[in-house]
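Here's the structure we're looking at; comments come further down.
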Number of protein chains: 2
Amino acid sequence: MSGREIRTMEEFAEAIGISRPTVSKYFNDPASVRKTTRDRIEAALEEHHYQPNIFAINQNRKATKCIGILVPYLSDPFFAEMVRLMERRCIDAGFWPVILSAHGEQHLENEALATMRSLRPTGALLAPLGRASDLKALERFARNVPTVVFDSNVPVGETFVGSNNFQSIPMIVDYLCRTGEPPCFMEMQPVNPNANKRRDAYIMAMEKLGYDPQVVRVEGSGWEFEQIGLELGGEMLSSGGFPSSTILCSNDRLAIGLIAAAFERGLRVGHGQGCALRVAGHDDHPLSRFTTPPLTTVSQDYMSIVNKSVATLFDLVESGERNQGNRTEILFDGKLILRSSA
Amino acid sequence: MSGREIRTMEEFAEAIGISRPTVSKYFNDPASVRKTTRDRIEAALEEHHYQPNIFAINQNRKATKCIGILVPYLSDPFFAEMVRLMERRCIDAGFWPVILSAHGEQHLENEALATMRSLRPTGALLAPLGRASDLKALERFARNVPTVVFDSNVPVGETFVGSNNFQSIPMIVDYLCRTGEPPCFMEMQPVNPNANKRRDAYIMAMEKLGYDPQVVRVEGSGWEFEQIGLELGGEMLSSGGFPSSTILCSNDRLAIGLIAAAFERGLRVGHGQGCALRVAGHDDHPLSRFTTPPLTTVSQDYMSIVNKSVATLFDLVESGERNQGNRTEILFDGKLILRSSA
DNA sequence: ACAGAAATTTTACCCCCGTAAATTTTCGCT
DNA sequence: AGCGAAAATTTACGGGGGTAAAATTTCTGT
């Protein structure tokens, strides 16, 4: 290693013997400098481990290289997975994704939005809390930053990308009806628009098939869905509160809790003989494959949602257009994932 | 709303009629300005929603308000949960936590380290990949940034905070031996020092109790532990590869997969009569409570690890000391979590 | 070899705010 | 009311690098 530590681009450029702006150009696009210059810079880079100050970089750029990603609850493996995929897409495209979580609380969502706004990101991928969101704060944010909303269709941003609950729910309702007792629908207090849509879709699907919809609502709140499924679902099981032996849960996490509750009570879950209960979910949560029995569910098309969200945002950013007024909604169909729980 | 949009602190200060540095003082510590001034600023804040540019803020500060948090795999609920707790602690202390994930890959860990370094964070909380880490890159990072390492004890940073595998593993081994057939130990390719320590602790504990240690190694790699447990654990089950009907897994995720594999084969897991297999894990993963049967495991003391890591880092940062050379290691004991899988 | 065009590199200015030093205001006390 | 110290505010400067415009170099074609 050479003498003193290189701390600034100025020093770095001086050490090479070229001007700082040329080095700056290199970092923004290595191909924009002559090959001989590029080689000199890269050789020096090997030696000094110099890294531009990210604050200084973004401070005077008309568009930062930063993309904000906000989810309601990062500890939920569903969102963790979405974020993981989005993050890589952004990095590959040369952006710096900044991950933020609302931790299920409105004031933290608002704080996260404020943090994001102060980052002046080129664009943002937002999965709002939904019901608990501060709509005005979201609107204000989306007015300043090109925004694609995913998962939870809150009416802000340029585009929404998500799942088509009115396709996925009827599909699994249909399956459940054709293979056994028509399902009742277990939900908790709806935390976001998806929850409401799924319930409504369930009711429509049942009516269309000529069955009586039965919605079972448990009053848990918060984001510990499995716990709610276990506790309140368990109470329902004990008290005979479920009007059907087939239970379609509003999401997989609730179903995971319910399966655990059934196990506690010695109720065998599954579609085979000797089973007391069929349980199905929605989302194809990363761990649904590993429940016992494995959970029958309907998958959200993670990949498509992520790809489309990111691609839409990049288009938005590149074109510089803000399709004022005509917000678009892109919905992907789910796939039936048949496993043995229902 | 007033006329034009306020974009900079300069404009904001002008709109109020005070100087910018006073506003700057306010943002750094509201109590540092006179009450009358504070009230004026806060009234204007209500009206304008001005938010200082985070890049400019940190650009000229001797110590940024930023704390870097790096984990090997953010989609792992264990890390997601740790990060969640750390994040809140940092926010409460007035810091801006930046979450980064290595996504299980060395080059991404290195990129994340580079990103973090360019953020010039006040301090960093690092859970290295472990075996896949680039030790030199970690060292270089820790030389520049006060660093607390957690979970995976790679020899860098000022302090390590983690679990005491040599307490936790013997505890569960002891329990398993006293209540049934002595366990074999199922591991995969060790991804980090914990994995090795757990195996060694298992061997020591078994020998101390006068039993023959039996380590079963499956050759899966990557971070999809449940899948490995399901597939390779399943193969072992089918081929009679487990030398004991009690299986202690290196971690809960592996155990979750193994339980699913047992279910597939009609093997009942648990300690009751009629059960073919006992399965135990390690970590008390957020979802271990909800497996069927619920997983017997030993908990890592999440809260203590998080609190101690963050507190240690803050001490380090405030004191400005770098305890060169005398790296400390703080280990927390696990607790036996008795559920019905073993 | 040379004029002119194209590609690179430099020059010069600016971004938005932190911070130390200088100035002003406030406030307690005689 | 007046004085001096303490608190608050303002002045002045700088941080690390982006970027448009100017200057230079390199490349064409003849």
Side-chain H-bond candidate by donor/acceptor type, B:Asp301 with B:Ser304, under 3.5 Å: yes
Any side-chain heavy-atom pair of A:Phe78 and A:Asp151 under 4.5 Å: yes
Spacing of A:Asn58 atom CG relative to C:dC17 atom P, expressed in whole Å: 14 Å
Spacing between A:Phe55 atom CZ and C:dC16 atom C1', to the nearest angstrom: 14 Å
Separation of atom CZ in B:Arg7 from atom P in C:dC14, rounded to whole Å: 20 Å
Sugar-phosphate only, base, or nothing, as touched by B:Lys25 at under 4.0 Å among non-hydrogen atoms: base
Greater than 12 external heavy atoms within 6.0 Å of A:Arg131's CZ: no
Short N-O contact, B:Glu42 and B:Lys35, less than 4.0 angstrom: no
Donor-acceptor under 3.5 Å (B:Asn110 side chain, B:Asp134 main chain): no
Nearest-angstrom distance from the residue atom CZ of B:Phe27 to C1' of C:dC16: 13 Å
Side-chain heavy atoms of A:Ser309 within contact of A:Leu313, under 4.5 Å: no
Sugar-phosphate, base or nothing in reach of A:Pro21, heavy atoms under 4.0 Å: base
Side-chain N,O (B:Tyr50) to OP1/OP2 (C:dC16) below 4.0 Å: no
Between C:dG18 (C1') and B:Asn60 (CG): distance, integer Å: 5 Å
Touch class at under 4.0 angstrom, heavy-atom based, for A:Val23 against every strand present: nothing
Touch class at under 4.0 angstrom, heavy-atom based, for B:Arg20 against every strand present: base
C:dT9 phosphate, OP1 or OP2, under 4.0 Å from A:Ser19 side-chain N/O: no
DNA chain D: 5'-most and 3'-most nucleotides touching chain B, 4.0 angstrom heavy-atom criterion: D:dA8 to D:dG16
OP1 or OP2 of C:dT9 under 4.0 Å from side-chain N/O of A:Arg34: yes
Ring geometry between A:Tyr50 and A:Phe27 (parallel below 30°, tilted from 30 to 60°, perpendicular above 60°): perpendicular
B:Ile57 CD1 to C:dC15 C1', straight-line distance once rounded to whole Å: 14 Å
Sugar-phosphate, base or nothing in reach of A:Thr22, heavy atoms under 4.0 Å: base
Whole-Å distance separating the NZ atom of B:Lys65 from the P atom of C:dG18: 12 Å
